[in-house]
Participant: 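One structure follows; several queries about it will come next.
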Amino acid sequence: MRKYIIAGNWKMNGTKESVRTLLEGIKKGAVEINHPNVEWIVFPPYVFLDATEKTLGDSGVAWGAQNLSREKSGAFTGEISASMLQEFHCRYVLVGHSERRTLYGENDDLVAAKFMVACQAGLIPVLCVGETLAEREKGLTQAVVMRQLNAVIRLAGGVELFNQAVVAYEPVWAIGTGLNATPEQAQEVHAAIRKEFSQHDAVLADKLQILYGGSLKSDSAQAILAMPDIDGGLIGGASLKAEEFLNIGKSCNR
Ligand code: PEP
């Protein structure tokens, strides 16, 4: 049975003090909830990774970064490399979040390159894919998602690397807007993603964790997380309050 992942993407939010409180709250709550089938992850801004590592330690809550550079080192002002993330014992890294794609011009090729760099460094990439509202309205949802996935599969020379990767389906129109995909809309895309992988490797497809992201909150989580191909959530706004984030995890019912 696939485990759930409940992951918080804190985006560009937090202060030293608020981050300390949030980390302590999540750490305590995750231990108390002690859900055998949930993996907890937080994605703080880079500057808080040190505090995150010191606070979470071996608590069982994992952490990762929101982005990484495709380059190893050198004259790339403002960038952060995979080896820097390794120094802070990040286990995961977000790759291709829609805000990176739309606000910072990350195209499929760059996202695929970052995915490869993450894998080569032993980081687990959480590959984010999803369509815009205009694309959905034109009936292009699955075409867009498959194009984004296939750019990575092509560069990786197959799906093998997805044995150590996670996929997050995040419809762009649902991110930060308060609009949820319905459980059925999300399930339809998740099932299509799994089917795409099963054409390459049925065993891998069956164990691949596919997360849903887009305005997930504790009151909408239960129905979405009950869908058979949805293996957890990538949560933005609602991950900034420990109680709300933990309540989403409590909704996991497999
Ligand atoms: C996200 O940032 O990945 C996200 C899903 O944000 P929100 O939950 O705020 O829509």
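Reckoned from all heavy atoms, side chains included, excluding hydrogens, waters and symmetry mates. We're numbering straight along the sequence, starting at 1. Just so you know, ligand 1 is whichever comes first in the structure, and atom 1 is the first atom listed for that ligand. Note that this is a predicted model, so its numbers are computed, not measured.
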Participant: Taking the six-membered ring of Tyr104, is the NZ or CZ of Arg100 close enough (under 6.0 Å from the centre) and on axis enough (within 45°)?
Facilitator: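 Yes, a cation-pi geometry holds between Arg100 and Tyr104.
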Participant: To which protein heavy atom is atom 5 (C) of ligand 1 closest, and what is the distance rounded to 0.1 Å?
Facilitator: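 The answer is Glu170 OE2, 3.1 Å.
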Participant: For atom 1 (C) of ligand 1, what is the closest protein heavy atom, and at what distance to 0.1 Å?
Facilitator: His97 NE2, 3.2 Å
Participant: Pull out every atom of ligand 1 sitting under 4.0 Å from any heavy atom of Ser215, numbered as shown with elements.
Facilitator: 7 (P), 8 (O), 10 (O)
Participant: For Arg101, is there an ion pair with Asp108 - N to carboxylate O distance below 4.0 angstrom?
Facilitator: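 Yes, this pair counts.
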Participant: For Glu17, I'd like to know if atom CD has over 12 heavy atoms of other residues, nucleotides or ligands within 6.0 Å.
Facilitator: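 Counting neighbours around CD of Glu17, 12 or fewer heavy atoms of other residues, nucleotides or ligands fall under 6.0 Å, so no.
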Participant: So, are Lys217 and Glu244 salt-bridged, with charged N and O less than 4.0 Å apart?
Facilitator: no
Participant: So is Ala238 close enough to ligand 1, meaning a heavy atom under 4.0 angstrom away?
Facilitator: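 It does not, in that no heavy atom of Ala238 comes within the 4.0 Å cut-off of ligand 1.
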Participant: To which protein heavy atom is atom 9 (O) of ligand 1 closest, and what is the distance rounded to 0.1 Å?
Facilitator: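 Scanning the protein heavy atoms, the shortest distance from atom 9 (O) of ligand 1 goes to Gly237 N, 2.8 Å.
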Participant: How long is the span from the CG atom in Leu216 to the CG atom in Asp219, to the nearest 0.5 Å?
Facilitator: 9.5 Å
Participant: Indicate yes or no: at least one non-hydrogen side-chain atom of His200 is less than 4.5 angstrom from one of Ile153.
Facilitator: yes
Participant: How about Trp40 and Phe245: are their ring centres within less than 6.0 Å of each other?
Facilitator: yes
Participant: What atoms of ligand 1 come closer than 4.0 angstrom to any heavy atom of Gly214?
Facilitator: 5 (C), 10 (O)
Participant: Record the part of Ile175 in heavy-atom contact with ligand 1 below 4.0 Å; permitted values are side chain, backbone, both and neither.
Facilitator: both
Participant: Does any N or O atom in Asn9 lie less than 3.5 angstrom from one in ligand 1, N or O only?
Facilitator: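 Right, the criterion is met.
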Participant: For ligand 1, which atoms have a heavy atom of Gly176 less than 4.0 angstrom away?
Facilitator: 7 (P), 9 (O), 10 (O)
Participant: May I ask you to identify the nearest protein heavy atom to atom 4 (C) of ligand 1, giving residue, atom name and distance to one decimal place in Å?
Facilitator: Gly236 N, 3.6 Å
Participant: Which atoms of ligand 1 sit under 4.0 Å from any heavy atom of Leu234?
Facilitator: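 In order of number, 3 (O), 5 (C).
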Participant: For this output row, return yes or no: ring centroids of Phe88 and Phe48 closer than 6.0 angstrom.
Facilitator: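 No: the rings miss the under 6.0 Å criterion.
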Participant: Would you say Ala174 touches ligand 1, if touching means a heavy atom closer than 4.0 Å?
Facilitator: yes
